[in-house]
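By convention in this document, chain letters (A, B, ...) are assigned in the order of the sequence lines, proteins followed by strands, and residues within each chain are numbered from 1. Values below: all heavy atoms of this structure, side chains included; hydrogens, waters and symmetry mates excluded.
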Amino acid sequence: MSIPQALNAPQREAVSHVEGPLLVLAGAGSGKTRVITAKIAHLVAQGVAPARIAAITFTNKAAREMRERAAKLLAAQGRAEAAASMAISTFHSLGLSIVRAEAKRLGLRPGFSILDPADLESLIAELVGTADRARARAAQWKISGWKNALVTPPRARFIAASDDELAAARAFAGYDEALAAWHAVDFDDLIVKPVSLFDRDPEALARWQARFDHALVDEYQDTNPAQYRMFRHLVGARTCFTAVGDDDQAIYGWRGATVDNLAQLPTDYPSLRVIKLEQNYRSSARILRCANALIANNAKLFDKRLWSELPHGDTIRVTVAADDESEAELVVHRLLAHRFEHRGRFRDYAILYRGNHQARVFEAALRAQNVPYAISGGDSYFDRAEIKDIVAYLRLLVNDADDPAFIRAITTPRRGVGQTTLKRLSALAGERRESLFAASLSPALREAAPPKAAEALAELGSLISDLKSRAKREPAGRLLNELVGRIGYEDWLVSTFDKRDAQAKSTSVADFVGWLSRKGDTERKTLPELTQMIALVTMLEGRDADDADVVRLSTLHAAKGLEFPHVFLVGVEEGILPHRESIERGAIDEERRLMYVGVTRAQRSLHLSFCRTRRRAGGRIDAMPSRFIGELAPQDLRYADAPLPPEEAARERAAGAERLKALKARVAR
DNA sequence: TAGAGATTAGTTTTT
DNA sequence: CTAATCTCTA
């Protein structure tokens, strides 16, 4: 009765199966979010408290959408009040809750810092003994990979297969020690720390297991070994869970995700029930046929056949452009023409691409035509320098052992403390085995430092201790405003940047402070909680942009889970999609799944485009159409006539004939 | 120490 | 061709 009639048979089955372990293999557009939200509502209707259902997603956006849709269903059941206590979160924010609750057992202070990779790059460089940023990042990447695979530092040294890997493995232990000394964790630790705690502490494990009656994981194919282990721990012997995933949409292998977790599930849970959702409600039959043809080139883990009752729909348009700038122009023109012809809205259109940098030319072309747009993904609001500056002060306020935060705070705004003083300070701190902040309070150092630097250190020290003493009693908003005022941030912005930049930065700081204050008031969060949350939240301007009538620009990764009436998939070239690095690593399958994700975002029309040449680093490079275009159903493709000069057009026809020949050869085989 | 100009390296996806 | 990093001078 609590199961909506609007669900199809397998969907209903997935919702009503509440007793044992369940795997839902949900093809693209088969209504998986619908199933998950209906299941939450169903469980609540069955008497399960909303707080006892752990629903786990990968992104904040997915969590937000799930929360909203589940809340609607609950409201329809007259249980609107239940929505507030739903335990819907990302893997990382769930991990954060656990680390926060168990901080003491994990040897962390309540105000522990969460450092992002940028904060840790210089530490890694130092540990590896390199000045080369690329090398440092490679080592950092490697260490992150080991953490996600639950590999310990000694084990990493054992399995390291190259000199670079060995250097990274040797840095690994020192890296964790530095984090511990700073009372800090990295992103990966938010998963790894709970896992290691549960591994060694049965009492803590039992406590967390007792908190949930049912667990749901979305995008299960994208879990990494650490996440799977955390999930298994939480599920425990009760084994009441719903894992929803699609091996054809596994696109996070580069981040340590492994479809082994999907393959492993029937073995780990012999009573596992598997339900397939194969009816697609999203795309035209033609788009679906292309998607199926494409993905048929991959080895299959589970046999799955997507079908649709929707009409055939428009042919897929392929556009060939002379270079990336004209590709952007052509796409924007076609988009506008299409919108005019179909009297559509801007928000019905999405431009999808492989890498963030590809967005630039499209932004320029859209602006030139006065087309409103929004970019999802890309550089986060919280990565902006001015926000990180303010956050550094917050981190230091909450955790004075956070050396990276101290360094950023003392040097921005500039106030007479430079390399020399910092070096002296860090020598003293190392000698005394204390934090930079603690060392900065030492009278001995004050005497040795130049008067200006000594004064700055004293000022920061008293600012921090003053605000800290008031943090418990006074609202976060007031403290923040005072902080920004007392460090003279506005003045510094005005004197350092030109008028426009200073204005923009000042506005974004004001927005940030306002947002954080509201958060502090409405959700009654403490300063440490607010500070920790910032590290995991990526989009401030989420909701507004979703509703706005704008063209969406997005990477393929960030577009997963979304759908649009009309999709332009751009830069479909060898070297981009599939990406060059992936070709070299032989990871074509994952690139193909990425293309598959792109194709299956489209509901009514799909447009592909590629360039013949592309500007790069000042020069030009030749480009070839992606092999994936040749893998689509050829009868469904139409090459649009690009306005090319006659000579180009002739070459284009020749290239088309070549492609046709290649296709025929393919079919013959 | 801080800021202005010179130089040089860059291109994958993200919590 | 950018954008960030580096080097030099005040």
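In this model, the phosphate group of B:dT14 is approached by a side-chain N or O of A:Thr555 to a distance below 4.0 Å at OP1 or OP2. Put simply, A:Asn356 has a side-chain N or O that comes within less than 4.0 Å of OP1 or OP2 on B:dT13. The side chain of A:Ser582 places no N or O atom within less than 4.0 Å of a non-bridging phosphate oxygen (OP1 or OP2) of B:dT13. At least one side-chain nitrogen or oxygen of A:Thr421 sits closer than 4.0 Å to the OP1 or OP2 atom of B:dT1.
When rounded to the nearest whole Å, the span between CG of A:Asp222 and C1' of B:dT13 equals 11 Å. Here B:dT15 presents its P atom at 18 Å from CG of A:Asp189, a figure rounded to the nearest Å. Atom pair A:Gln249:CD and B:dT14:C1' shows a separation of 17 Å (rounding to whole Å applied). The CD atom of A:Glu591 sits 11 Å away from the P atom of B:dT13 (whole-angstrom rounding). The CE atom of A:Met533 sits 16 Å away from the P atom of B:dT15 (whole-angstrom rounding). When the P atom of B:dT13 is taken as reference, atom CZ of A:Arg580 falls 14 Å away, rounded to whole Å. Counting to the nearest Å, the C1' atom of B:dT15 and the CZ atom of A:Arg64 are 15 Å from each other. Atom CZ of A:Arg255 and atom C1' of B:dT13 are 9 Å apart (whole Å).
Listed candidates were B:dG10, B:dT14, B:dT1. Nearest to the side chain of A:Thr420 is B:dT1. With C:dT2, C:dC1, B:dT15 as the candidates, the nucleotide lying closest to the side chain of A:Arg360 is C:dT2. In this structure, of B:dT15, B:dT14, B:dG10, it is B:dT14 that holds the atom nearest to the side chain of A:Trp254.
A:Phe362 has its ring centre no less than 6.0 Å from the ring centre of A:Tyr373. The six-membered or imidazole ring of A:Phe564 lies away from that of A:Tyr349, with a centre-to-centre distance of 6.0 Å or more. Aromatic rings from A:His607 and A:Phe568 are positioned such that their centres are separated by under 6.0 Å.
Between the side chains of A:Glu65 and A:Thr33, no donor N or O sits under 3.5 Å from an acceptor N or O.
Atoms CD and CD1, from A:Glu574 and A:Ile629 in turn, are 9.5 Å apart once rounded to the nearest 0.5 Å. Here A:Leu396 contributes atom CG and A:Asp402 contributes atom CG; the two are 7.0 Å apart, rounded to the nearest 0.5 Å.
Note on A:Arg614: nothing from the nucleic acid sits closer than 4.0 angstrom, heavy atoms only. Among the atoms of the strands shown, base atoms are found under 4.0 Å from some heavy atom of A:Phe187.
Nucleotides B:dT13 and C:dA4 place their P atoms 15 Å apart, quoted to the nearest Å. Separation of the P atoms belonging to C:dC6 and B:dT11 is 15 Å when rounded to the nearest angstrom.
Summarising the local packing, CD of A:Glu126 is surrounded by 12 or fewer heavy atoms from other residues, nucleotides or ligands at distances under 6.0 Å. By the neighbour-count criterion of 12 heavy atoms within 6.0 Å, atom CZ of A:Arg415 is densely surrounded, having more than that number from other residues, nucleotides or ligands. The neighbour count for A:Glu455 CD, taken as heavy atoms of other residues, nucleotides or ligands under 6.0 Å away, does not exceed 12.
Using a 4.0 Å cut-off between a side-chain N of Lys or Arg and a carboxylate O of Asp or Glu, A:Lys147 and A:Asp189 qualify as a salt bridge.
The aromatic rings of A:Trp254 and A:His557 sit perpendicular, their planes meeting at an angle over 60°, well past the 30° parallel limit.
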Distances for protein N or O near nucleotides 5-10 of chain C N or O, under 3.5 Å:
{"from": "C:dT5", "atom 1": "OP1", "to": "A:Arg133", "atom 2": "NH1", "distance (Å)": "3.1"}

I'd like a list of close polar pairs between nucleotides 2-7 of chain B and the protein, N/O only, cut-off under 3.5 Å.
{"from": "B:dA2", "atom 1": "OP1", "to": "A:Arg415", "atom 2": "N", "distance (Å)": "3.4"}
{"from": "B:dA2", "atom 1": "OP1", "to": "A:Gly416", "atom 2": "N", "distance (Å)": "2.6"}

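Between the base of B:dT11 and the side chain of A:His357 there is a donor-acceptor pair shorter than 3.5 Å.
Along DNA chain B, the nucleotide closest to A:Leu422 and the one closest to A:Asp188 are compared, and the more 5′ of them pairs with A:Leu422.
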